[in-house]
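What follows is a short report on a single structure.
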Amino acid sequence: DKKGANPKLKIKDDGTWSLSPDKADFDDSKFIPTLLGNNQVVLYEMLAEIQKITGFNKCFVKRPQRHVKRERPPLKNLLAVAISLGTNTGHQELVKQSTGMTLKTLRDTEKDYFSLDNIKAANELIFGEISNFALSTIYYAKDNEIHTASDGLKHVVEADSVLSNHSFKYFGKAKGIVNYRGADERQAFFHSDVMAPGEREAHTMIDMVLNAKPLLFDHEPYEDSSTKHKHSSDSHGFTNAGFAVLFLLNTAFAPRLADMSKLTLFAYENRYKYGNTTNRIAPKQTINKKLIRDNWKDILRLIVTLKSGEVSPSNLLKKLHARGKGCKYFEALQEFGNLLKTQHILKMITDEETRRSVHKMQNRVELGNKLARAVFHGQNAVLKTGSVREMKKIFLCQDLLINSLILWNYIYLHDHYYKLETDSEKLETILSMKRGSVLCWGHVNMGGRLNWDDLEINSFDTPLEKLKNIQLVDFSEEVDIEQL
């Protein structure tokens, strides 16, 4: 670029450079929190209301057991277990906070109905329900693109676990694990997994992207879809091989990289290298094209293996990383990733829209982690189980509560929008919402006394069908509020 074309970019005479961060087109605008703060709601009542709207209790199918006959439990039992696990309160403490609930009831309900598949199905149902509300579309940056992001959240674990490990930076003298989750532009969570704190998040991230494709593309073949998929993470999710694998899985990888100027750029040909071109920022190394060509068929076989589901990407990529230079086709995969990494870095330098969208998505998923901490308030937010399966169950229930809260917020905002009379008021509301986030929880009481005998709650004045069918005013940049 010409000098001065990007005011955020500073280039020294020796070719080194630095890029000042852009402010993301996103803020913690108080418009939505203030609006929602007018109507205080208790978490268990919110969950009951979302269950009434979505019917997610149907996803909890009884686990088959021989010679045991038990009737389907009351709705309050399912909701109580979801609250107990998702908030990390624990069954014993929840019984103390509740009326008409016993410890045996909670344990039996969890044992019979709370399998990982059942909780995932309930989450997917709520995730899909958000699409039925038009205001969720205002957060999409492009009509033909799905932009997702992921980040890890650390948790201390008191019990012995095969995954927990020391990390003084995050856990002090204790041990902990990482809950890795992904969110889309609507700020709803579509994936949750558990990993050891010493593992590279990049491997788990590829697992997440591949497994979430059917949900993100509404169970249609994503290979033939005209809608593109872009995924962002922080530096912990970045590897050269990750760039290549995601590209071959029809996903553009756009991470927010720390110390981006210190990463090595690679040219496709020598004539584009630094010293052979007039560009002030230029690669200093050239990729090994012969290595990529000679191993291209093996790379494609690797991708087909990942798509088949016969082996998880994280397990396979960990083993290939461990082999190091002993695997030629993995070296070729990394070399191809070097080229994609260079393309991304140059785009981050030259395209302000790309920089802002990446920062925005990472800010959103990090704000989602703050909400996750607010929900996960029980037992000082310390995990008391060391079982990987039990931890996954807890975090899936946590996502069930978070997605229910997000859906409730959307419905409340639709109810407010429906009551507005003029187009100018509606446009101003949409623009204010678009600058902020639906990840607000100041209006939610996460604890309190739980009365499971009174679950008939109705927080909204407008019938649900009318809210699903509202028409949004044009909120494109060309529209002038004063003209309306």
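In this text the structure is predicted, and so the values were computed from the model without any measurement.
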side-chain contact (heavy atoms from CB on, under 4.5 Å) for F475 and T429? Distances and angles first, verdict last.
CA-CA 10 Å; F475 56 93; T429 296; over 6 Å; no

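- At least one side-chain heavy atom of K76 sits under 4.5 Å from a side-chain heavy atom of M101.
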Apply salt bridge (Lys or Arg N to Asp or Glu O under 4.0 Å) to E353 and K360, showing your working.
CA-CA 10 Å; E353 182 182 351; K360 180 192 291 185; over 6 Å; no

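- By the neighbour-count criterion of 12 heavy atoms within 6.0 Å, atom NZ of K58 is sparsely surrounded, having that number or fewer from other residues, nucleotides or ligands.
- No hydrogens or angles considered: nothing links the side chains of T105 and N77 as a donor-acceptor pair under 3.5 Å.
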Check: residues 190-206 side-chain donor-acceptor pairs under 3.5 Å, at least two apart:
residue, atom, partner, partner atom, Å
S192, OG, N179, ND2, 2.9
E199, OE1, K318, NZ, 2.9
R200, NH2, F238, O, 2.4

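- Between W408 and F460, the ring-plane angle classifies as tilted under the 30° and 60° cut-offs.
- Atom CG of D143 is surrounded by 12 or fewer heavy atoms from other residues, nucleotides or ligands within 6.0 Å.
- A side-chain N or O of S437 and one of Q187 form a donor-acceptor pair less than 3.5 Å apart.
- Taking a 6.0 Å sphere around NZ of K154, one finds it holds more than 12 heavy atoms contributed by other residues, nucleotides or ligands.
- For the atom pair NZ of K120 and CZ of F127, the computed distance is 15.0 Å after rounding to the nearest 0.5 Å.
- Using a 4.5 Å heavy-atom threshold, the side chains of I119 and N123 count as touching.
- Between the side chain of N211 and the backbone N or O of D207, at least one donor-acceptor pair lies under 3.5 Å.
- Formation of a donor-acceptor pair under 3.5 Å by the T137 side chain with backbone atoms of A134 is found in this model.
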Pair F171, V157 - check side-chain contact (heavy atoms from CB on, under 4.5 Å), show working.
CA-CA 9 Å; F171 312 125; V157 180; over 6 Å; no

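- Residues L19 and M260 approach most closely at CD2-CE, 3.7 Å, considering heavy atoms.
- To the nearest 0.5 Å, atom CG of residue N88 and atom CD1 of residue I394 are 6.0 Å apart.
- For the 3.5 Å distance criterion, the side chains of E129 and N132 qualify, holding a donor opposite an acceptor.
- To the nearest 0.5 angstrom, E185 atom CD is 7.0 Å from E145 atom CD.
- Note that CE of M391 is 5.5 Å distant from CD1 of I177, once rounded to the nearest 0.5 Å.
- Atom NZ of K228 sits in a sparse spot, with 12 or fewer heavy atoms from other residues, nucleotides or ligands closer than 6.0 Å.
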For a side-chain contact (heavy atoms from CB on, under 4.5 Å) check, start with the C-alpha distance between L9 and I281, then their side-chain angles and the critical distance, and finish with the verdict.
CA-CA 11 Å; L9 180 65; I281 296 179; 3.8 Å; yes

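- In this structure, the side chain of S404 engages the main chain of L400 through a donor-acceptor pair within 3.5 Å.
- Here the closest heavy-atom approach between residue R449 and residue S98 is recorded as NH2-O, 3.3 Å.
- With S235 contributing its side chain and A258 its backbone, the two residues share a donor-acceptor pair below 3.5 Å.
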With side-chain contact (heavy atoms from CB on, under 4.5 Å) as the criterion, how do M361 and V365 come out once you've worked through the C-alpha distance, each side chain's angles and the decisive distance to 0.1 Å?
CA-CA 6 Å; M361 280 307 300; V365 76; over 6 Å; no

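- Not a single ring-ring contact (aromatic ring centres under 6.0 Å, His included) links H236 to another residue, sequence neighbours left out.
- Using a 4.5 Å cut-off on side-chain heavy atoms (C-beta onward), L407 and N403 make no contact.
- K175 and S161 are not linked by any side-chain donor-acceptor pair at a separation below 3.5 angstrom, with hydrogens and angles left out of the test.
- For L249 against K213, the heavy-atom pair with the smallest separation is O-NZ, 3.3 Å.
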K393 and E390: CA distance, side-chain angles, deciding distance, salt bridge (Lys or Arg N to Asp or Glu O under 4.0 Å) verdict:
CA-CA 5 Å; K393 184 191 296 185; E390 291 300 313; 3.5 Å; yes

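- Here the side chain of N409 pairs no donor or acceptor atom with the backbone of L439 at under 3.5 angstrom.
- Here the closest heavy-atom approach between residue G86 and residue V375 is recorded as O-CG1, 3.7 Å.
- Here the side chain of D151 pairs no donor or acceptor atom with the backbone of E366 at under 3.5 angstrom.
- Without hydrogens or angle criteria, H344 side chain to L340 main chain gives no donor-acceptor distance under 3.5 Å.
- Counting only N and O atoms by type, the side chains of S459 and Y412 include no donor and acceptor under 3.5 Å apart.
- At distances below 3.5 Å, not a single donor-acceptor pair connects side-chain atoms of Y417 with backbone N or O atoms of L467.
- The environment of CG in N144 is crowded: more than 12 heavy-atom neighbours from other residues, nucleotides or ligands sit within 6.0 Å.
- By the 30° and 60° cut-offs, the orientation of the rings of F114 relative to F60 is tilted.
- Residues I32 and C440 share a closest heavy-atom pair of CG2-SG, 3.6 Å.
- In this structure, H231 and F253 have parallel ring planes: the angle between them is below the 30° cut-off, well short of the 60° mark.
- One finds the CD1 atom of I457 at 11.0 Å from the CD1 atom of I50 (value rounded to the nearest 0.5 Å).
- Residue F376 holds its CZ atom at 10.5 Å from SG of C397, rounded to the nearest 0.5 Å.
- At distances below 3.5 Å, at least one donor-acceptor pair connects side-chain atoms of R355 with backbone N or O atoms of M348.
- At a threshold of 4.5 Å between non-hydrogen side-chain atoms, the residues P313 and V245 do not count as touching.
- Remark: the backbone N or O of V61 is paired with a side-chain donor or acceptor of N118 at under 3.5 angstrom.
- Side-chain contact between H229 and V209 is present, with at least one heavy-atom pair separated by less than 4.5 Å.
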Test salt bridge (Lys or Arg N to Asp or Glu O under 4.0 Å) applied to K419 and D415, step by step
CA-CA 7 Å; K419 298 172 186 175; D415 195 28; 3.6 Å; yes

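- Other residues, nucleotides and ligands contribute at most 12 non-hydrogen atoms within 6.0 Å of the CZ atom of F247.
- In this structure, the side chains of M446 and T87 stay at 4.5 Å or more apart for every pair of heavy atoms.
- Closest heavy-atom contact between T385 and S387: OG1-N, 3.2 Å.
- Looking at R181 and I402, their side chains come closer than 4.5 Å, going by heavy atoms from C-beta outward.
- In this structure, the side chains of E45 and D454 stay at 4.5 Å or more apart for every pair of heavy atoms.
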